[in-house]
Amino acid sequence: PNVGEKQLENKLKNYIFSIMRSGLARLYFIAGDLKKHHNEIATALDKDKGYPDNSFALVQHAHLQCMGSLENRDLNLAEKEFKRVIKLIVQDNQFGSKPAFMYRIEFEALLGLAYINYTKGRDSEAERKYHEAENIARKYLEGESDYLLTIVFINRGHSRLDNRSARSNSDAQKDFREVLRIFRHTKIQLKRELAEIAALAHNNLGVCYLNEGRYDEAEEEFESSIRL
């Protein structure tokens with residue numbers, strides 16, 4: 001092959017290698033091995049061996065920047081990477097041949113941006129991003145919408161609860177109740193996967209009631225959380 005063909009071949013190999021490493025990184029994250037998760041993401045995004053514009057790796061790397069203690073987080077970098085992911089998905093149509101995979105990546109980037117916006121005090125923008133993520137889960141990811149919607153509601157509810165205003169406390173309650181409604185009506189095989197999120201919803205609902213001086217109701221929610 002000539003030089004141009006060789007460069008194209010190497011680029012394709014790097015792209016495939018990067019996607020495979022991204023998949024391994026996700027598996028390590030699920031297994032709780034954050035060190036290997038981080039290493040695989042770094043390899044996937046390596047400019048010589050991997051593919052720096054791999055949105056699947058980028059969204060995972062951005063979420064890593066949101067984890068850990070305050071001094072170890074880099075929310076500015078995370079925000080930049082989440083926005084880059086959305087550009088790659090929406091404008092460049094990356095992974096367009098696999099729409100469910102593509103929308104799942106966009107969903108995760110929107111959740112990340114919502115969290116960052118709330119953390120930085122940009123509440124209205126955060127609410128918009130949560131709403132966009134909710135719409136994607138409902139319209140394009142029906143097969144896993146119950147799970148994804150509980151993720152939206154538990155995260156948005158927690159952000160609203162942290163806002164500490166009376167209206168936010170009330171809105172947070174709606175989110176936590178929606179998590180519990182989905183949990184009650186979801187398929188039996190999904191209930192075990194959602195049990196931890198439902199327990200957190202009960203606990204956070206209890207905190208909401210404490211904020212309003214509704215102590216008996218708060219106690220009931222805490223006990224429900226423990227039972228789950």
*Asks:* Should we say atom NZ of Lys120 is surrounded by more than 12 heavy atoms from elsewhere, each under 6.0 Å from it?
*Replies:*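 Check passes, neighbour count above 12.
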
*Asks:* Would you check if Lys11 and Tyr51 make a side-chain contact, meaning some heavy-atom pair closer than 4.5 Å?
*Replies:*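 Side-chain contact under 4.5 Å: yes.
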
*Asks:* Under the side-chain hydrogen bond (donor to acceptor under 3.5 Å, both in side chains) test against Arg128, which residue among Glu125, Glu132, His131 passes?
*Replies:*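 Only one of Glu125, Glu132, His131 forms a side-chain hydrogen bond (donor to acceptor under 3.5 Å, both in side chains) with Arg128, namely Glu125.
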
*Asks:* Can you list, pair by pair, the side-chain donor-acceptor contacts under 3.5 Å of residues 34-42, counting residues two or more places apart and other chains?
*Replies:*
from: His37; atom 1: ND1; to: Ala25; atom 2: O; distance (Å): 2.7
from: Asn39; atom 1: ND2; to: Lys35; atom 2: O; distance (Å): 3.4
from: Glu40; atom 1: OE1; to: Arg21; atom 2: NH1; distance (Å): 3.1
from: Glu40; atom 1: OE2; to: Arg21; atom 2: NH1; distance (Å): 3.2

*Asks:* Give the cluster check for Ile16 versus Leu24: same hydrophobic cluster or not, with ILVMFWY residues linked at side-chain heavy-atom distances below 4.5 Å.
*Replies:* no

*Asks:* Between His61 (side chain only) and Ala57 (backbone N and O only), is there a donor and an acceptor less than 3.5 Å apart?
*Replies:* no

*Asks:* Do Leu148 and Ile136 come close enough that some side-chain heavy atom pair is under 4.5 Å?
*Replies:*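 No; the side chains remain at least 4.5 Å from each other.
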
*Asks:* Is any side-chain heavy atom of Arg156 closer than 4.5 Å to one of Glu134?
*Replies:*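 Yes. Closest side-chain heavy atoms under 4.5 Å.
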
*Asks:* Please check: side-chain N/O of Glu178 versus main-chain N/O of Phe153, any donor-acceptor pairing under 3.5 Å?
*Replies:* no

*Asks:* Would you say that Ile154 contacts Asn204 through its side chain, given a criterion of any heavy-atom pair below 4.5 Å between the two side chains?
*Replies:* yes

*Asks:* With side chains defined as the heavy atoms from C-beta onward, is the minimum distance between Phe56 and Gln60 less than 4.5 Å?
*Replies:* yes

*Asks:* List the steps and the verdict of side-chain hydrogen bond (donor to acceptor under 3.5 Å, both in side chains) for Lys47 and Asn14.
*Replies:* CA-CA 9 Å; Lys47 64 181 181 65; Asn14 288 358; over 6 Å; no

*Asks:* Check step by step if ring pair (Phe, Tyr, Trp, His ring centres under 6.0 Å) holds for Tyr140 and Phe107.
*Replies:* CA-CA 10 Å; Tyr140 305 113; Phe107 172 86; over 10 Å; no

*Asks:* Is there a side-chain contact between Glu217 and Leu205 in this structure, where contact means two heavy atoms from C-beta onward sitting under 4.5 Å apart?
*Replies:*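 A side-chain contact is absent here, since even the closest heavy-atom pair is not under 4.5 Å.
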
*Asks:* Would you say that more than 12 heavy atoms from the other residues, nucleotides or ligands in this model lie under 6.0 Å from the CD of Glu144, or not?
*Replies:* yes

*Asks:* Quick check: does any side chain N or O of Thr186 sit under 3.5 Å from a backbone N or O of Phe183, one acting as donor and the other as acceptor?
*Replies:*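 Such a contact is absent between Thr186 side chain and Phe183 backbone.
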
*Asks:* Which pair of non-hydrogen atoms, one from Gln65 and one from Ala78, has the smallest distance, and what is that distance?
*Replies:*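 Reported closest heavy-atom pair: CB-CB, 3.7 Å.
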
*Asks:* Are Arg84 and Pro52 close enough that some pair of their side-chain heavy atoms sits under 4.5 Å apart?
*Replies:*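 In contact.
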
*Asks:* Report yes or no: does Ser18 contribute a side-chain atom to a donor-acceptor pair with the main-chain N or O of Tyr15 at less than 3.5 Å?
*Replies:*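 Checking the backbone N and O of Tyr15 against the side chain of Ser18, no donor-acceptor pair under 3.5 Å is found.
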
*Asks:* Kindly indicate whether the side chain of Tyr115, heavy atoms from C-beta on, has any atom under 4.5 Å from the side chain of Lys129.
*Replies:* no

*Asks:* Do the side chain of Asn203 and the main chain of Ala199 share a donor and acceptor less than 3.5 angstrom apart?
*Replies:* no

*Asks:* Exactly one of Asp171, Asn169, Asp175 should register a side-chain contact (heavy atoms from CB on, under 4.5 Å) with Gln173. Which one does?
*Replies:* Asn169

*Asks:* Might you confirm whether atom OH of Tyr147 has over 12 heavy atoms from other residues, nucleotides or ligands at distances under 6.0 Å?
*Replies:* no

*Asks:* Measuring centre to centre across the rings, with the benzene-like ring taken for any Trp, is His63 within less than 6.0 Å of Phe82?
*Replies:* yes

